[in-house]
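Below is one structure, written out as C-alpha coordinates; comments come after it.
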Amino acid sequence: QVQLVESGGALVQPGGSLRLSCAASGNTLSIYVVGWYRQAPGKQRELVATITTIGNTHYADSVKGRFTISRDNAKNTVYLQMNNLKPEDTAVYYCNARRFTVPPIIYWGQGTQVTVSS
(Lines give C-alpha, C1' and ligand atoms only; values in the text may rest on other atoms or scores of the structure.)
Protein backbone atom coordinates (compact mmCIF):
# COMPACT_ATOMS: atom_id res chain seq x y z
CA GLN A 1 0.00 0.00 0.00
CA VAL A 2 1.00 3.61 -0.57
CA GLN A 3 -0.38 6.61 1.26
CA LEU A 4 0.20 10.00 -0.39
CA VAL A 5 0.02 13.40 1.30
CA GLU A 6 0.31 16.65 -0.65
CA SER A 7 1.44 19.88 0.96
CA GLY A 8 2.69 23.33 0.02
CA GLY A 9 -0.42 24.88 -1.46
CA ALA A 10 -1.05 28.52 -0.64
CA LEU A 11 -2.34 31.88 -1.81
CA VAL A 12 0.32 33.49 -4.00
CA GLN A 13 0.49 36.58 -6.20
CA PRO A 14 0.85 36.34 -9.98
CA GLY A 15 4.48 35.86 -10.91
CA GLY A 16 5.25 34.16 -7.63
CA SER A 17 6.51 30.66 -6.92
CA LEU A 18 5.46 27.65 -4.88
CA ARG A 19 6.88 24.19 -4.29
CA LEU A 20 4.39 21.38 -3.77
CA SER A 21 5.39 18.15 -2.05
CA CYS A 22 3.94 14.65 -2.37
CA ALA A 23 5.18 12.55 0.53
CA ALA A 24 4.66 8.79 0.50
CA SER A 25 4.48 6.21 3.25
CA GLY A 26 3.85 2.47 3.24
CA ASN A 27 6.18 1.73 0.33
CA THR A 28 8.88 3.32 -1.77
CA LEU A 29 7.79 5.72 -4.50
CA SER A 30 10.77 4.79 -6.63
CA ILE A 31 8.92 1.91 -8.33
CA TYR A 32 5.95 4.07 -9.35
CA VAL A 33 5.28 6.57 -12.07
CA VAL A 34 4.18 9.72 -10.24
CA GLY A 35 1.98 12.42 -11.69
CA TRP A 36 0.71 15.80 -10.64
CA TYR A 37 -2.85 16.70 -11.66
CA ARG A 38 -5.01 19.73 -11.03
CA GLN A 39 -8.71 20.45 -11.00
CA ALA A 40 -10.39 23.84 -11.00
CA PRO A 41 -14.06 24.23 -9.97
CA GLY A 42 -16.37 23.00 -12.72
CA LYS A 43 -13.45 21.70 -14.80
CA GLN A 44 -12.11 18.27 -15.64
CA ARG A 45 -9.05 17.08 -13.79
CA GLU A 46 -6.03 17.58 -16.04
CA LEU A 47 -2.53 16.19 -16.11
CA VAL A 48 0.17 18.71 -15.21
CA ALA A 49 3.39 16.69 -15.10
CA THR A 50 4.70 13.14 -14.74
CA ILE A 51 7.99 11.56 -13.77
CA THR A 52 8.83 7.95 -14.56
CA THR A 53 10.71 5.38 -12.52
CA ILE A 54 13.90 6.31 -14.38
CA GLY A 55 13.40 10.05 -14.12
CA ASN A 56 11.95 10.95 -17.51
CA THR A 57 9.53 13.88 -17.30
CA HIS A 58 6.53 15.15 -19.24
CA TYR A 59 4.67 18.45 -18.92
CA ALA A 60 1.41 19.86 -20.14
CA ASP A 61 1.92 22.59 -22.72
CA SER A 62 0.29 25.11 -20.41
CA VAL A 63 3.02 24.73 -17.76
CA LYS A 64 6.05 23.81 -19.87
CA GLY A 65 9.01 26.01 -19.02
CA ARG A 66 7.45 27.17 -15.74
CA PHE A 67 6.97 23.96 -13.70
CA THR A 68 9.51 21.27 -12.80
CA ILE A 69 8.76 17.83 -11.38
CA SER A 70 11.48 15.99 -9.47
CA ARG A 71 12.10 13.07 -7.12
CA ASP A 72 14.01 12.83 -3.85
CA ASN A 73 14.15 9.09 -3.24
CA ALA A 74 15.90 9.48 0.13
CA LYS A 75 12.87 11.41 1.40
CA ASN A 76 10.36 9.27 -0.53
CA THR A 77 8.93 12.50 -1.92
CA VAL A 78 8.08 13.99 -5.30
CA TYR A 79 8.06 17.76 -5.78
CA LEU A 80 6.44 20.18 -8.18
CA GLN A 81 8.31 23.47 -8.40
CA MET A 82 5.99 26.12 -9.85
CA ASN A 83 7.45 29.42 -11.07
CA ASN A 84 5.88 32.42 -12.79
CA LEU A 85 2.46 31.46 -11.52
CA LYS A 86 -0.60 32.74 -13.35
CA PRO A 87 -4.23 33.10 -12.23
CA GLU A 88 -5.18 30.23 -14.54
CA ASP A 89 -2.97 27.94 -12.43
CA THR A 90 -5.51 28.21 -9.60
CA ALA A 91 -6.76 24.71 -8.76
CA VAL A 92 -6.59 21.86 -6.31
CA TYR A 93 -3.41 19.94 -7.06
CA TYR A 94 -3.27 16.17 -6.59
CA CYS A 95 -0.45 13.68 -6.87
CA ASN A 96 -0.83 10.06 -7.83
CA ALA A 97 1.34 6.97 -8.05
CA ARG A 98 0.82 4.35 -10.74
CA ARG A 99 2.02 0.87 -11.59
CA PHE A 100 1.04 -0.58 -14.96
CA THR A 101 0.03 -3.97 -13.68
CA VAL A 102 -3.16 -5.82 -14.71
CA PRO A 103 -5.32 -4.39 -13.30
CA PRO A 104 -3.42 -1.10 -12.89
CA ILE A 105 -2.62 0.11 -9.39
CA ILE A 106 -3.33 3.79 -8.75
CA TYR A 107 -3.07 5.79 -5.53
CA TRP A 108 -4.28 9.37 -5.03
CA GLY A 109 -3.53 11.98 -2.40
CA GLN A 110 -6.11 14.28 -0.85
CA GLY A 111 -5.09 17.41 -2.76
CA THR A 112 -3.71 20.82 -1.84
CA GLN A 113 -5.20 24.18 -2.83
CA VAL A 114 -3.21 26.63 -4.95
CA THR A 115 -4.70 30.08 -5.46
CA VAL A 116 -2.98 32.68 -7.66
CA SER A 117 -4.48 36.11 -7.18
CA SER A 118 -3.50 39.70 -6.54
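Both backbone and side-chain heavy atoms feed into the values below; hydrogens, waters and symmetry mates do not.
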Establish whether Y107 and V92 are linked, either directly or via other cluster members, by ILVMFWY side-chain heavy-atom contacts under 4.5 Å. no
Hydrophobic clusters here meaning ILVMFWY residues chained together by side-chain heavy-atom distances under 4.5 Å, can you tell me if I106 and L47 are in one? yes
Charged tip of R45 within 45° of W108 ring normal and under 6.0 Å: yes
Just checking W36 against F67, ring centres under 6.0 Å apart? no
Please report the interatomic distance SG(C22) to CG(L29), rounded to the nearest 0.5 Å. 6.0 Å
Main-chain N/O of T77 paired to D72 side chain as donor or acceptor, under 3.5 Å: no
So, for P14 and S118, which heavy atoms are closest and what is the spacing to 0.1 Å? CD-N, 3.7 Å
Would a distance-only check, ignoring hydrogens and angles, find a side-chain to backbone donor-acceptor pair under 3.5 Å from T112 to G9? yes
Is any side-chain heavy atom of L85 closer than 4.5 Å to one of L18? yes
Would you call N76 and S25 a side-chain contact if the rule is heavy atoms closer than 4.5 Å? no
Could you go through the side chain to side chain contact (heavy atoms under 4.5 Å, CB included) check for Y32 and N27 one step at a time? CA-CA 10 Å; Y32 295 87; N27 212 337; 4.2 Å; yes
Side chain to side chain contact (heavy atoms under 4.5 Å, CB included) between E6 and Y94: does it pass, once the steps are laid out? CA-CA 7 Å; E6 301 98 330; Y94 301 88; 3.8 Å; yes
Euclidean distance, L20 CG relative to I69 CD1, rounded to 0.5 Å: 10.5 Å
Can a donor-acceptor pair be found, under 3.5 Å and without considering hydrogens, that links the side chain of D89 to the backbone of K86? yes
dist Q113:CD -> T90:OG1 (nearest 0.5 Å) comes out at 7.5 Å
Are V114 and V48 linked, directly or through other ILVMFWY residues, by side chains that come within less than 4.5 angstrom of each other? yes
From R71 CZ over to T52 OG1, what is the distance, rounded to the nearest 0.5 angstrom? 7.0 Å
Give a yes or no on this: more than 12 heavy atoms of other residues, nucleotides or ligands lie within 6.0 Å of atom CD of Q13. no
From NZ (K64) to CZ (R66), nearest 0.5 Å: 12.5 Å
Donor-acceptor side-chain pairing of S30 and T28 below 3.5 angstrom: yes
With rounding to the nearest 0.5 angstrom, report the CD to OG distance, Q81 to S21. 9.5 Å
Determine whether T68 and Y79 satisfy the following criterion, side chain to side chain contact (heavy atoms under 4.5 Å, CB included), listing intermediate values before the conclusion. CA-CA 8 Å; T68 303; Y79 301 99; over 6 Å; no
Mind checking whether V5 and Q110 have side chains closer than 4.5 Å, heavy atoms only? yes
Following the transitive rule for hydrophobic clusters with a side-chain heavy-atom cut-off under 4.5 Å over Ile, Leu, Val, Met, Phe, Trp and Tyr, establish whether V63 and V116 coincide in one cluster. yes
Which heavy atom in Q39 sits nearest to a heavy atom in K43, and how many Å separate them? NE2-O, 3.1 Å
Measure the shortest side-chain to side-chain distance between V33 and R99 over non-hydrogen atoms and say whether it is less than 4.5 angstrom. no
Taking a hydrophobic cluster as the set of Ile, Leu, Val, Met, Phe, Trp and Tyr residues connected by side-chain heavy atoms closer than 4.5 Å, whether directly or through intermediates, do I51 and M82 fall within one such cluster? yes
Donor on one side chain, acceptor on other, R38 and Y93, under 3.5 Å: yes
Between the side chains of N83 and S17, is a donor N or O closer than 3.5 angstrom to an acceptor N or O? yes
